Amino acid sequence: QAPTSWRPLLQDPATTELFFEFYANTEPPRSSKAMEAIILLASVRRSLFPTDKDRAAFLGRLINGIREMLSKQTGLMHQDNYHQFCRLLGRLKANYQLSELVKAEGYMEW
């Protein structure tokens, strides 16, 4: 679990963007480690966000990063990255309800 003191960092769009950019611009094993970090970001508990709107914005950033990854097939030809990507999708399924995913910005393109 992420400490509450990390809230501003986790809510900053630059944080998620940094991990997705690092993933896109590196090769395994570094890109796989970046994907592991993205999985941990996707696992952040609901109570860390002060409002549902903040949590929805965070989910939107995750979905947009994943959509970009899928559209460009970035790194998914590598077994470790593909495995981590599947873990990321599983984590989203576990941490977010379908109704939240459908309402998220970028879901339709996803």
Side-chain angles (χ1 to χ4, degrees):
Q1 289 188 3
T4 306
S5 61
W6 289 12
R7 179 181 289 157
L9 182 66
L10 293 172
Q11 288 183 302
D12 185 355
T15 303
T16 50
E17 188 177 312
L18 173 72
F19 285 107
F20 279 110
E21 284 181 13
F22 187 79
Y23 169 81
N25 294 315
T26 58
E27 293 290 322
R30 288 186 180 106
S31 58
S32 297
K33 291 297 181 187
M35 184 66 80
E36 286 180 30
I38 294 168
I39 292 168
L40 292 174
L41 286 176
S43 303
V44 170
R45 67 187 189 278
R46 178 184 301 267
S47 63
L48 195 68
F49 299 98
T51 67
D52 287 341
K53 185 178 178 181
D54 292 328
R55 186 167 189 256
F58 180 76
L59 175 59
R61 289 192 295 276
L62 288 174
I63 285 179
N64 285 329
I66 294 168
R67 181 180 44 83
E68 187 75 19
M69 222 184 282
L70 283 171
S71 68
K72 294 182 179 179
Q73 295 292 304
T74 309
L76 296 178
M77 70 291 277
H78 299 287
Q79 183 179 359
D80 288 342
N81 288 351
Y82 188 78
H83 175 73
Q84 296 301 335
F85 182 77
C86 292
R87 287 186 62 224
L88 174 59
L89 294 179
R91 191 58 53 101
L92 282 178
K93 181 181 173 213
N95 287 4
Y96 293 91
Q97 295 178 3
L98 181 58
S99 60
E100 291 174 296
L101 290 168
V102 171
K103 291 178 190 174
E105 181 183 329
Y107 174 79
M108 292 305 290
E109 296 85 24
W110 192 52

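This is a predicted model, so every value here is computed, not measured.
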What I want to check is whether the side chains of N64 and R61 have a donor and an acceptor closer together than 3.5 Å. no

Which residues satisfy the side-chain hydrogen bond (donor to acceptor under 3.5 Å, both in side chains) test with R7, sequence neighbours excluded? none

Separation between CG of L59 and CG of N95, rounded to the nearest 0.5 Å: 10.0 Å

Show every donor-acceptor pair shorter than 3.5 Å between a side-chain atom in residues 28-42 and any protein atom, with sequence neighbours excluded, or say none if there are none.
| unit_1 | atom_1 | unit_2 | atom_2 | d |
| --- | --- | --- | --- | --- |
| S31 | OG | N81 | OD1 | 3.1 |
| S31 | OG | N81 | ND2 | 3.0 |
| S32 | OG | N81 | OD1 | 2.7 |

For residues 21-74, the ring pair (Phe, Tyr, Trp, His ring centres under 6.0 Å) pairs (sequence neighbours left out) are F49-F58

Closest contact, heavy atoms only, F20 versus I66: CE2-N, 3.8 Å

Other residues, nucleotides and ligands only: do more than 12 of their heavy atoms fall within 6.0 Å of CD on E109? yes

Per the ring pair (Phe, Tyr, Trp, His ring centres under 6.0 Å) rule, what does the pair list look like for residues 66-98, sequence neighbours excluded? none

Donor-acceptor contact present, side-chain T15 to main-chain L9, <3.5 Å: yes

Counting only heavy atoms from other residues, nucleotides and ligands, does the tally under 6.0 Å from CE of M77 exceed 12? yes

From L98 atom CG to K103 atom NZ, the distance as rounded to the nearest 0.5 Å: 10.5 Å

Using the test side-chain hydrogen bond (donor to acceptor under 3.5 Å, both in side chains), find all partners of T51 that sit at least two apart in sequence or belong to another chain. D54

Looking at every heavy atom in both L89 and W110, which two are closest together, and how far apart are they? CD2-CZ2, 3.8 Å

Can you check whether R45 reaches L48 side chain to side chain, under 4.5 Å on heavy atoms? yes

Quick one: does D12's side chain have a donor or acceptor within less than 3.5 Å of a partner on P8's backbone? no

Close side-chain approach of R67 to K72, heavy-atom, < 4.5 Å: no

Could you tell me the separation between the CD atom of E68 and the CD atom of Q73, rounded to the nearest 0.5 Å? 12.0 Å

Rounded to the nearest 0.5 Å, what separation is found between the CZ atom of R55 and the CD atom of Q11? 12.0 Å

Applying side-chain hydrogen bond (donor to acceptor under 3.5 Å, both in side chains), can you list everything that pairs with S43, at least two apart in sequence or on another chain? R91

To the nearest 0.5 Å, what is the distance between CG on L62 and CG on L88? 7.0 Å

